[in-house]
Amino acid sequence: MALQAASLLPPTISIHKEAKSNACLKETTLFGVPFSTHFSFPLHLTQELRKKGVAAGIVRAQTAATTPAVDRAAPQGKKTLRKGTVIITGASSGLGLATAKALAETGEWHVIMACRNFLKAEKAAKSVGITKESYSVMHLDLASLESVRQFADTFRRSGRPLDALVCNAAVYLPTAKEPTYTAEGFELSVGTNHLGHFLLARLLLDDLKQSDYPYKRLIIVGSITANLGDLRGLAGGLNGIQSSAMIDGGDFDGAKAYKDSKVCNMLTMQEFHRRYNEETGITFASLYPGCIATTGLFREHIPLFRLLFPPFQKYITKGYVSEEEAGGRLAQVVSDPSLTKSGVYWSWNKNSESFENQLSKEASDAEKARKLWEVSEKLVGLA
Ligand code: NDP
Ligand code: PMR
């Protein structure tokens with residue numbers, strides 16, 4: 001497969017084996033748009049949704065709207081599990097919506113759709129047939145730290161326990177020539193995808209700790225990797241004034257800013273694991289869901305890219321995964337009782353079986369993860 005993929009590449013791209021199923025691409029352009037450094041992705045990819053296989057991964061606990069999590073007084077000593085509560089950011093489209101649907105359909109989860117556009121989220125939930133009693137929409141704009149704080153407060157006041165948090169939302173601005181900024185003045189991709197989620201996860205960690213659910217999880221959606229350098233741009237505030245808008249201090253590059261934010265997501269997951277897994281029993285994990293070429297993530301790309309990307313992934317790279325299948329994968333990471341290992345980056349092989357993927361060198365740099373944590377804490381006002 002690696003050879004197959006390599007033979008498809010123009011000469012300006014080099015591929016080398018990174019992990020069991022990862023490859024790295026270097027500088028080139030596709031459909032006239034820069035395709036920046038250190039692009040890595042799984043090569044063993046599934047074709048069509050093996051719905052039964054995916055569904056089988058989802059927890060088969062019985063439901064009861066009671067606390068504590070396990071009702072030991074159930075008849076014949078049978079343990080019943082209350083409905084779990086999961087928060088999914090960016091559940092108004094794509095992977096987040098498909099995951100919300102997959103979890104809600106089990107009848108075992110109440111899904112909090114944490115979205116910036118309330119009406120869009122409501123319509124989306126209805127359009128995919130999520131039943132009224134299995135979801136709520138709560139406003140969250142990750143591009144505003146104030147909104148993140150408000151969300152955490154509102155959630156706490158709802159009185160619901162928190163059993164799983166899925167950091168899924170993202171923006172991708174590959175054609176932007178100039179940086180744009182969050183409410184607090186951070187470059188938008190890293191500000192939303194990393195800093196917004198970093199604050200959210202930190203604020204909700206106590207709620208997760210308090211959950212009495214048999215397993216509690218914090219999942220951060222990962223993807224391709226880029227190089228963050230020595231974080232000088234981030235340490236300078238990522239505001240394009242005193243410092244660069246790029247984490248590595250370089251010139252603005254929208255595609256790289258997204259990839260930087262994804263490395264941050266994966267480093268953050270591992271730092272959470274190192275700091276809190278043992279003490280709290282929370283599972284911290286990340287995943288590569290596959291190439292879901294049809295989602296809204298590519299809305300800012302040029303029209304030609306949006307037209308050609310899905311067939312290119314479907315028929316040439318064979319990296320394409322439907323939203324439904326990817327949603328099943330993320331739902332599995334949230335709820336499969338066997339996926340309790342923490343600090344792991346999940347991927348799927350061509351038989352739709354999950355496996356622990358290796359992280360790239362950049363995404364597994366423990367020293368960088370620690371530094372990123374400390375700088376991010378300062379930027380979001382936690383230190
Ligand atoms: P979508 O664009 O379909 O979904 C992104 C979601 O994030 C939307 O619901 C969007 O809300 C939300 N969002 C964006 N900005 C904010 C914000 N400021 N506050 C709150 N929510 C926000 O993309 P995908 O489903 O593809 O992406 C989901 C995740 O999957 C991302 O983390 C992405 O990095 C990852 N991923 C995707 C891959 C792919 O091939 N598509 C591959 C690998 C990883 P709204 O609906 O209002 O725009
Ligand atoms: Mg890629 C060989 C397999 C393969 C896979 C699995 C992906 C996934 N891509 C592959 C190959 C190639 N891509 C090749 C050979 C090229 C050059 C012709 C190429 C180009 C390319 C571009 C320009 N690919 C892209 C882009 C994007 O803008 C997408 C991106 O980086 O979004 C951030 C993208 C992606 N390719 C993938 C995946 C999963 C993406 C989206 C990554 C994400 O959403 O996080």
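As the structure is a computational prediction, the values presented were derived from the model and not from experiment. Read the numbers this way: they start at 1 and go in the same order the structure lists the ligands and their atoms. Residue numbers start at 1 and run along the sequence shown.
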Test your reading of the structure: does Thr317 have an N or O sitting under 3.5 Å from an N or O of ligand 2? no
Taking the minimum heavy-atom distance to [atom], which of [options] ranks first?
atom	options	value
atom 31 (C) of ligand 1	Asn168, Val148, Thr182, Thr89	Asn168
atom 42 (C) of ligand 1	Gly290, Ala169, Cys115, Ala91	Gly290
atom 8 (C) of ligand 2	Gln313, Lys318, Lys256, Lys262	Gln313
atom 25 (C) of ligand 2	Tyr288, Tyr172, Phe309	Phe309

Please check whether [X] reaches ligand 1 - meaning an N/O of the residue sits under 3.5 Å from an N/O of the ligand, judged on distance alone.
X	result
Pro289	no
Gly96	no
Val221	no

Glu279, CD: over 12 other non-hydrogen atoms inside 6.0 angstrom: yes
Distance-only donor-acceptor check, side chains Ser342 and His273, under 3.5 Å: yes
Taking the six-membered ring where the residue is Trp, are the ring centres of Tyr288 and Tyr345 under 6.0 Å apart? no
Atom 37 (C) of ligand 1 - nearest protein heavy atom and its distance: Leu297 CD2, 3.9 Å
Is any side-chain N of the basic residue among Lys371 and Glu374 closer than 4.0 Å to the acidic one's carboxylate O? no
Report yes or no: is the cationic atom of Arg217 (NZ for Lys, CZ for Arg) closer than 6.0 Å to the six-membered ring centre of Tyr215, at no more than 45° off its axis? yes
Are Phe151 and Ile87 close enough that some pair of their side-chain heavy atoms sits under 4.5 Å apart? yes
